[in-house]
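All residue numbers refer to positions in the sequence shown, counting from 1. Just so you know, these numbers use all the heavy atoms, side chains as well, and skip hydrogens, waters and symmetry mates.
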Amino acid sequence: DLLLSADGGYVQELLLEEAAKLADAAVRDTIAQAGSSAVASRVAEALRAPKAIADSTVGSLPLPGPLRSLYEAALLPATVLDEVTRLLPALARRSDLDAETLASFGSLWDKLSDAGGEGVETKQAAEGDAAGVGAPPPPRRRHFVYSM
């Protein structure tokens, strides 16, 4: 009742806030990992290339006002692609709070999965011994996607 109450409360609010922090930290970490790959850097270079070429050719010419405006309007899609490639690394910056949140959740996850796993294995071992079968317990698997 305390966690699932329709009225809400402090515990629900706290859990929701911590879940939002965890989701934010996990997304930032995933973006940072993906953004630091060789494929991502090649894609970023490819997306920056049109603007770099335009700036080094036509953009370096002294164009009069109306032509400069036309040039900038024509270059808008390339400019947007260039800005997106620079925006993603800024979004992926991990703060100390993100690192702390991920570490805390990893620790909590390990404790909860160890506690749950030991109880199941102990029960299965006891049942196996009682039946005269000394079968080893099944291997423990970590089902959490994020690895610490």
Hey, what else clusters with Leu47 if you join Ile, Leu, Val, Met, Phe, Trp, Tyr whenever side-chain heavy atoms sit under 4.5 Å? Val39, Val43, Leu81
Would you say that Leu75 contacts Val58 through its side chain, given a criterion of any heavy-atom pair below 4.5 Å between the two side chains? no
One should read off an interatomic distance between Asp82 CG and Arg48 CZ, to the nearest 0.5 angstrom, of 6.5 Å
For Val27, all residues meeting side chain to side chain contact (heavy atoms under 4.5 Å, CB included), sequence neighbours excluded: Ile31
Can you sort out the partners of Glu18 under side-chain hydrogen bond (donor to acceptor under 3.5 Å, both in side chains), two or more places apart, ordered by chain and number? Lys21
By side-chain hydrogen bond (donor to acceptor under 3.5 Å, both in side chains), which residues pair with Arg68, not counting sequence neighbours? none
Roughly how far, to the nearest 0.5 Å, is the CG atom of Asp29 from the CG atom of Leu102? 5.5 Å
Could you pull out all residues at least two apart from Asp24 that satisfy side-chain hydrogen bond (donor to acceptor under 3.5 Å, both in side chains)? Arg28
Measure the spacing between CD of Glu45 and OG of Ser41 and express it to the nearest 0.5 Å. 5.5 Å
d(Leu76 CG, Tyr71 OH) to nearest 0.5 Å is 12.0 Å
From CG (Leu67) to CG (Leu61), nearest 0.5 Å: 10.5 Å
Sidechain-backbone polar pair: Thr30 side chain, Ala26 backbone, donor-acceptor under 3.5 Å: yes
List in chain and number order the residues that pass side chain to side chain contact (heavy atoms under 4.5 Å, CB included) with Ser69, two or more places apart in sequence or in another chain; answer none if no residue qualifies. none
